[in-house]
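Each remark here refers to the structure printed beneath this line.
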2 protein chains.
Amino acid sequence: MALSKTSVVDTALALLGEAGLPGMSMRTLATRLGVQPSALYWHFPSKQVLLTAVAERVLATVPSVEPTGSAADELRAIGEGLREAVTGVPDGAEIVALGLAAGARNPVAEAVAATCERHGMGDRTAGLTTALTGYVIGLGLEEQTHHNLRVADPELPAVDFGPRFDGGLGALLAGVAAG
Amino acid sequence: MALSKTSVVDTALALLGEAGLPGMSMRTLATRLGVQPSALYWHFPSKQVLLTAVAERVLATVPSVEPTGSAADELRAIGEGLREAVTGVPDGAEIVALGLAAGARNPVAEAVAATCERHGMGDRTAGLTTALTGYVIGLGLEEQTHHNLRVADPELPAVDFGPRFDGGLGALLAGVAAG
DNA sequence: ACCTGAACACCGTTCAAGT
DNA sequence: ACCTGAACACCGTTCAAGT
């Protein structure tokens with residue numbers, strides 16, 4: 001059957017899940033698809049563009065947040081949702097950063113806008129979107145890099161990024177009304 | 001003259017400044033040093049380890065902050081100082097993230113601790129350190145990736161990350177007493 | 001329209017051998 | 001101790017040619 005952008009991105013995601021970015025070369029991707037490497041370049045002009053398509057798929061998995069809590073609770077849920085999407089795929093932080101830099105739609109922006117307006121703080125939308133997105137990507141990058149290093153060298157001490165993420169998110173949202 | 005770790009890191013930083021991470025291959029590095037690529041492996045076991053040494057040098061340029069303002073002002077200055085160090089070298093965010101993941105000392109941790117204790121909020125040190133560091137790295141990564149994309153494709157719209165950084169930092173520090 | 005085959009110009013890393 | 005020379009096993013990308 002003929003190749004399609006969708007099937008290429010599907011397979012790219014599968015390879016990422018198995019071995020991260022180093023395991024997703026254009027050559028292994030082609031092999032997995034039963035095609036020559038050069039065939040991929042008919043569908044995508046470069047690996048970078050292919051990766052932004054992957055990033056868009058990752059961003060599409062960010063869950064939407066129900067308007068049922070305080071502003072702080074909703075913003076916390078938005079941050080946690082982005083974190084789940086980003087850390088759900090190995091090297092996801094790097095890939096999503098590429099996607100956002102390339103102009104991908106950031107679902108966090110709209111979610112934060114909705115929450116802020118609902119709670120009468122629409123003027124804080126831009127700052128909170130930047131802070132939340134940057135924080136999740138940055139800590140996600142550290143976490144995934146740390147994981148990659150530990151795979152190569154098990155001597156490296158383990159770090160639990162879960163509580164660390166919660167603590168940073170709490171500090172980040174301390175200025176948002178709790179009730 | 002014989003090679004040394006210092007001279008290798010010096011030259012690595014010079015190459016990074018010229019063309020970023022893609023311009024800093026072990027081969028170009030060796031050529032610039034007038035040596036064979038394999039010679040580098042006597043001084044560093046891998047490129048990754050060499051890059052963490054580069055990261056430590058970058059982190060060492062983070063300026064220390066004078067205790068002359070409010071807690072919020074001092075924390076803002078700490079964040080700005082880290083940003084300057086990180087964005088001062090092309091692909092610095094990625095490199096510093098690698099360094100921190102490898103266990104490099106984070107100068108922000110100590111600076112935040114000093115400020116927090118001076119202002120009677122020592123219990124907030126950990127959260128603020130994580131939030132501040134993650135945010136600076138994350139937005140820095142987006143910014144530098146965006147810059148790299150624009151070098152390859154000038155069609156991509158320019159974005160001024162300066163005001164965006166300020167806005168996010170303001171939101172991040174909104175929960176810290178201003179006076 | 002969609003893909004093959006072959007090549008170009010690179011990578012990081014290893015390791016015997018030299019001095 | 002410190003480095004060379006040569007090789008191994010890869011990369012992303014291009015492009016004429018096929019169907």
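Remember, predicted model here, so these are calculated numbers, not experimental data. Here is how names work: the chains are called A, B, and so on, in the same order as the sequence lines, proteins then strands, and each is numbered from 1.
- If you check dA6(D) for Watson-Crick or wobble pairing at under 3.5 angstrom, you find it paired to dT14(C).
- There is no side-chain donor-acceptor pair under 3.5 Å between T28(B) and T31(B).
- Across every strand in view, dA1(C) sits in a pair with dT19(D) that passes the Watson-Crick or G-U test at under 3.5 angstrom.
- Counting non-hydrogen atoms of other residues, nucleotides and ligands closer than 6.0 Å to NE2 of H43(A) gives a total above 12.
- A straight line from CG of L50(B) to C1' of dT13(C) spans 14 Å, rounded to a whole angstrom.
- Regarding L29(A), its CG atom lies at a distance of 11 Å from the P atom of dC11(D), rounded to whole Å.
- Atom C1' of nucleotide dC3(C) and atom CG of L3(A) are separated by 9 Å, given to the nearest angstrom.
- Nearest-nucleotide mapping onto DNA chain C: of Q48(B) and Q36(A), the residue sitting toward the 5' end is Q36(A).
- Within 4.0 Å of A2(B), counting heavy atoms only, lie sugar-phosphate atoms of the nucleic acid but no base atom.
- Taking atom CH2 on W42(B) and atom P on dG5(D), their separation rounds to 19 Å, with Å as the unit.
- Taking atom CZ of residue F44(B) and atom C1' of nucleotide dC3(D), one finds them 16 Å apart after rounding to whole Å.
- Taking side-chain N and O atoms only, H43(A) has no distance below 4.0 Å to OP1 or OP2 of dA1(C).
- With salt bridges taken as basic N to acidic carboxylate O contacts below 4.0 Å, one links E74(A) and R118(A).
- Here, dC2(C) and dA16(D) have their C1' atoms 15 Å apart, quoted to the whole Å.
- Using modelled atom types and a 3.5 Å distance limit, the side chains of N106(A) and T133(A) yield a donor-acceptor pair.
- Residue M24(A) is the one, among M24(A) and A39(A), whose nearest nucleotide of DNA chain D lies closer to the 5' end (criterion: closest heavy atom).
- Comparing dA9(C) with dC10(D), their C1' atoms are spaced 13 Å from each other, to the whole Å.
- Within the 4.0 angstrom heavy-atom criterion, base atoms lie near S38(B).
- Regarding R27(A), its CZ atom lies at a distance of 14 Å from the P atom of dT4(C), rounded to whole Å.
- T28(B) comes within 4.0 angstrom of sugar-phosphate atoms only, judged by non-hydrogen atoms across all strands, and of no base.
- The nearest whole Å value for the distance from the NZ atom in K47(B) to the C1' atom in dT13(C) is 12 Å.
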Test ring-ring contact (aromatic ring centres under 6.0 Å, His included) on F161(B) and H146(B) and set out the steps. CA-CA 10 Å; F161(B) 280 83; H146(B) 184 263; 5.7 Å; yes
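- In this entry the distance linking CG of L15(A) with P of dC11(D) reads 11 Å, nearest Å.
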